[in-house]
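I have placed the structure first, in the form of C-alpha cells, so that the comments after it can refer back to it.
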Amino acid sequence: MDTQPNSPEARDKKYHMHAYTNARRHQEVGPLIIEKGDGIYVEDISGKRYIEAMSGLWSVGVGFSEQRLVDAATRQMSKLPFYHNFTHKGHSPLVDLSEKLVNMAPVPMSKAFFTNSGSEANDTAMKMIWFRSNALGQPQRKKIISRKRAYHGVTIASASLTGLLNNHLSFDLPIANVLHTSSPHHWREALPGETEQQFSTRLADDLEKLILAEGPETIAAFFGEPVMGAGGVVVPPAGYWEKIQAVLQKYDILLVADEVICGFGRTGNMFGTETYAMKPDIMVMSKQISSSYLPISAMLINDKVFEPLADESNRIGTFGHGFTAGGHPVAAAVALENIAIIEERNLVANAREVGAHMQKRLARIASHDLVGEVRGIALIGAMELVADKATKAPWGAAGALGGLVNGILQQNGVISRNMGDALAFCPPLIINDKQVDDIFDAVEKSLDEAAKQVKA
C-alpha cells in the first residue's frame with residue numbers, strides 16, 4: 001500500500017468508514033483501491049489485475065465493462081434524469097420494467113414495487129405484510145419467520161431477518177416479531193447418518209413446532225433465499241423446499257422468496273424460485289437486475305398480497321410508503337437493458353453450462369486437506385475450510401483459516417470473499433470455462449500455500 005500522506009489509500013484511511021470492515025484494523029492495513037473494470041476482471045490503482053470471482057457483491061452479471069449499459073444510462077440521463085412514482089406519477093422506463101418483471105415471473109404476480117437495495121426491498125416486504133394483516137382484520141398476525149444463517153439485508157427490519165450474529169451484535173437486534181428457524185446446512189447441521197431427505201423432514205417439523213408454539217394465527221410470513229448466499233452458499237438439501245412449503249400452506253403463511261442473489265440466472269434458471277419449484281407470494285430482487293451498474297431493487301407481489309393492500313390504501317387514502325429514488329428512470333433503463341443482454345446472449349444457459357464446469361472444479365478440490373466440504377449450483381459455490389476433516393474443527397478461531405486463504409488468493413490474482421471459513425465463488429454470468437480454470441488453478445495454489453503455514 002502507498003504510504004504517501006496524500007495517496008488515495010492514505011486519504012481513504014483518513015476520511016472513509018467502510019462497510020463490513022473492522023474499522024480499527026482498516027486504520028492499520030488500508031484499502032485495496034480498484035480503478036478499472038474489464039469483463040470479469042478488475043484492476044487496482046497500481047495496475048495489478050484480478051479475476052473478480054464474486055461479481056463484486058454477487059451482482060455484476062454482465063461484467064465490468066458493458067458499453068450497452070453505459071449507453072442506456074446516458075440516453076436516459078439526457079432525456080429524463082429523474083422522476084418519481086409518488087401520487088399517480090410515473091415514467092416510461094418504470095412502466096416497461098414493471099411489465100417485463102411481472103411477465104417474466106415464474107409464478108403469477110400482479111404488481112411490481114421499486115426500492116433501491118435488497119435491504120430496502122425486504123424492509124418494504126415486511127411493512128406490506130403487516131399492512132396486509134391489518135387490512136384483513138388480523139392485527140395479531142405480525143410475526144415473521146426467517147432462518148439461522150439467512151441474509152436479507154442490514155436495515156433495522158431486514159437485519160433482524162438476517163440470521164447472522166455479527167448483524168445483530170451491538171445493534172440491539174433482532175426487533176420483536178422476527179423469529180428464526182433451523183439452518184438447512186446438511187453437512188454442518190445433520191445428525192449422524194441422517195440423509196438429506198430425513199434432514200429436510202426434521203427441519204420442516206422444526207418449523208411446524210415453532211409455528212404451533214407461537215400460534216399459527218400470529219405468523220404472517222416466511223422469508224427464504226432459494227440458495228443462502230452470505231450465510232455461506234448453503235444449498236437446500238433434497239426435498240427441503242417441498243416440505244417447507246407444505247407447512248406454510250397448511251397454516252396459510254405467506255412465502256417471500258429473496259432472489260437478491262439467486263435472481264437473473266445465478267442458479268442456472270432465470271430465478272432460484274424455478275430451480276427449487278418454489279411458489280412465493282412475494283419475490284424480492286436486486287443486484288443482477290441491473291448488474292449493479294446503478295442501484296435498483298424490486299418486489300413482485302401476487303394478488304393475494306396486492307388486493308388487501310389496495311383495499312386498505314383506499315380506506316386510509318394512501319399507501320404511505322415509498323422512496324425518492326425508488327424506480328429511478330436511469331436505473332430502470334439500465335435494468336431493462338441488462339435483462340435484455342442476459343436474454344439475448346443466453347447468459348442463463350451459460351450459467352448452467354459453465355456452472356457445471358465450475359462445480360466440477362469445486363468438486364476436485366474437495367479432497368484437499370484443508371477443505372471440509374464444497375457446495376454450490378451453477379455459477380454459485382463455496383468451499384468450507386477446516387483444520388480437521390473428520391471433526392470439522394476450525395484452525396484456531398473460527399474464520400481464521402478462511403481469512404488466511406482469502407488473503408493468499410487475492411495475492412494470487414483472484415478476489416473471493418470469506419464468510420467465516422467458507423470461501424464463496426460467484427463470478428459474472430459471462431465467464432467461460434478457461435476463466436473458471438484460471439480461478440480454480442489459483443485456488444489450488446493458494447490452498448497449498450496456506451497448508452504450509454497451517455502445518456508450520
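Model, not experiment: these values are computed from the prediction.
Counting heavy atoms from C-beta outward, M228 and H185 have side chains that stay 4.5 Å or more apart. Within the 4.5 Å cutoff, no side-chain heavy atoms of Q435 are placed close to those of P427. Within the 4.5 Å cutoff, the side chain of E343 has heavy atoms near those of the K100 side chain. Looking only at side-chain heavy atoms (C-beta outward), V436 and I431 come within less than 4.5 Å of each other. Taking 4.5 Å as the limit, every side-chain heavy atom of K360 sits out of range of all side-chain heavy atoms of L362. In this structure the side chain of V60 never reaches within 4.5 angstrom of the side chain of E66, judged on heavy atoms. Side chains of F223 and I145 form no contact here, defined as non-hydrogen atoms less than 4.5 Å apart.
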Would you sort out whether M299 and V256 count as a side chain to side chain contact (heavy atoms under 4.5 Å, CB included), showing the intermediate values? CA-CA 10 Å; M299 298 167 48; V256 182; over 6 Å; no
Worked verdict on D441 versus K445 for salt bridge (charged side-chain N to carboxylate O under 4.0 Å, His left out): CA-CA 6 Å; D441 289 349; K445 178 184 178 184; over 6 Å; no
Run the side chain to side chain contact (heavy atoms under 4.5 Å, CB included) check on L254 and R132 step by step: do they pass? CA-CA 11 Å; L254 298 174; R132 175 183 181 270; 3.7 Å; yes
With ring-ring contact (aromatic ring centres under 6.0 Å, His included) as the test, would you mind laying out the steps for Y240 and Y276 before giving the verdict? CA-CA 9 Å; Y240 176 80; Y276 296 103; 9.2 Å; no
Please determine whether side chain to side chain contact (heavy atoms under 4.5 Å, CB included) holds for the pair H26 and H18, giving the CA-CA distance in whole Å, both sets of side-chain angles, and the decisive distance to 0.1 Å. CA-CA 8 Å; H26 187 74; H18 285 247; 3.2 Å; yes
What verdict does the salt bridge (charged side-chain N to carboxylate O under 4.0 Å, His left out) test give for K389 and D369, after you've listed the backbone C-alpha separation in whole Å, the side-chain angles of each residue and the deciding distance to 0.1 Å? CA-CA 7 Å; K389 292 169 84 79; D369 288 347; 6.0 Å; no
What's the verdict on side chain to side chain contact (heavy atoms under 4.5 Å, CB included) for N338 and Y293, showing C-alpha distance, side-chain angles and the deciding distance? CA-CA 9 Å; N338 180 70; Y293 276 47; over 6 Å; no
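Within a 6.0 Å sphere centred on NZ of K36, other residues, nucleotides and ligands contribute 12 heavy atoms or fewer. Applying the 6.0 Å contact sphere to NZ of K142 captures more than 12 heavy atoms from other residues, nucleotides or ligands. Heavy atoms from other residues, nucleotides or ligands lying under 6.0 Å from CG of N22 number more than 12. K304 NZ: more than 12 foreign heavy atoms inside a 6.0 Å radius. Atom CD1 of I156 has 12 or fewer heavy atoms from other residues, nucleotides or ligands within 6.0 Å. When the shell of 6.0 Å around NZ of K148 is examined, it contains 12 or fewer heavy atoms from other residues, nucleotides or ligands. Within a 6.0 Å sphere centred on CD of E189, other residues, nucleotides and ligands contribute more than 12 heavy atoms.
A salt bridge links E344 with R68: the distance from a Lys NZ or Arg NE/NH1/NH2 to an Asp or Glu carboxylate oxygen falls below 4.0 Å. For K392 and D388, the salt-bridge test fails: no basic side-chain N is under 4.0 Å from an acidic carboxylate O. Of the charged side-chain nitrogens involved, at least one lies within less than 4.0 Å of a carboxylate oxygen, so that R188 and E384 count as a salt-bridged pair. The pair R49-D38 meets the salt-bridge criterion, with a side-chain N (NZ, NE, NH1 or NH2) lying under 4.0 Å from an Asp/Glu carboxylate O. Ion pairing of R361 with E444 is present here, as a side-chain N (NZ or NE/NH1/NH2) and a carboxylate O approach within less than 4.0 Å. Salt bridge R149/E225: absent, no basic N to carboxylate O contact under 4.0 Å.
Once rounded to the nearest 0.5 Å, the distance linking OG1 of T201 with CD of E196 reads 11.5 Å. Rounded to the nearest 0.5 angstrom, S46 OG and E43 CD are separated by 8.0 Å. Rounding to the nearest 0.5 Å gives a distance of 7.5 Å between CG of L255 and OG1 of T273. The CG atom of L409 sits 6.5 Å away from the CG atom of L423 when rounded to the nearest 0.5 Å. Rounding to the nearest 0.5 Å gives a distance of 13.0 Å between OG of S416 and CD1 of I408.
A donor-acceptor pair shorter than 3.5 Å cannot be found between the side chains of H328 and N116. Between D123 and T155, the side chains place a donor N or O and an acceptor N or O closer than 3.5 Å (distance only, hydrogens not considered). With 3.5 Å as the limit, one finds no donor-acceptor pair spanning the side chains of T162 and N167. Residues N412 and Y50 have side chains that never bring a donor and an acceptor to within less than 3.5 angstrom of each other. T267 and N269 share no side-chain donor-acceptor pair at under 3.5 Å. A side-chain N or O of H152 and one of D258 form a donor-acceptor pair less than 3.5 Å apart. No side-chain N or O of S297 forms a donor-acceptor pair with one of S286 less than 3.5 Å apart.
By the ring pair (Phe, Tyr, Trp, His ring centres under 6.0 Å) test, H186 is found to be paired with F199, residues two or more places apart in sequence or in another chain being considered.
For the residue pair I244 and A204, the shortest heavy atom distance occurs at CD1-CA, 3.9 Å. L429 approaches F264 most closely through the heavy-atom pair CD1-O, 3.3 Å. Across all their heavy atoms, I296 and A335 have their closest contact at CG2-CB, 4.4 Å. Taking all atoms of both residues into account, the shortest heavy-atom contact from G355 to L379 is CA-CD2, 3.8 Å. The shortest heavy-atom contact between Y251 and P216 is CD2-CB, 3.6 Å. Taking all atoms of both residues into account, the shortest heavy-atom contact from V386 to V371 is CG2-C, 4.1 Å.
Among R202, K250, K243, the single residue meeting the salt bridge (charged side-chain N to carboxylate O under 4.0 Å, His left out) criterion with E208 is K250.
Between W241 and F222, the ring-plane angle classifies as perpendicular under the 30° and 60° cut-offs. Using cut-offs of 30° and 60° for the angle between ring planes, the H321 and F323 rings count as perpendicular.
Both tests hold for R417 against Y20: distance to the six-membered ring centre under 6.0 Å, angle to the ring axis within 45°.
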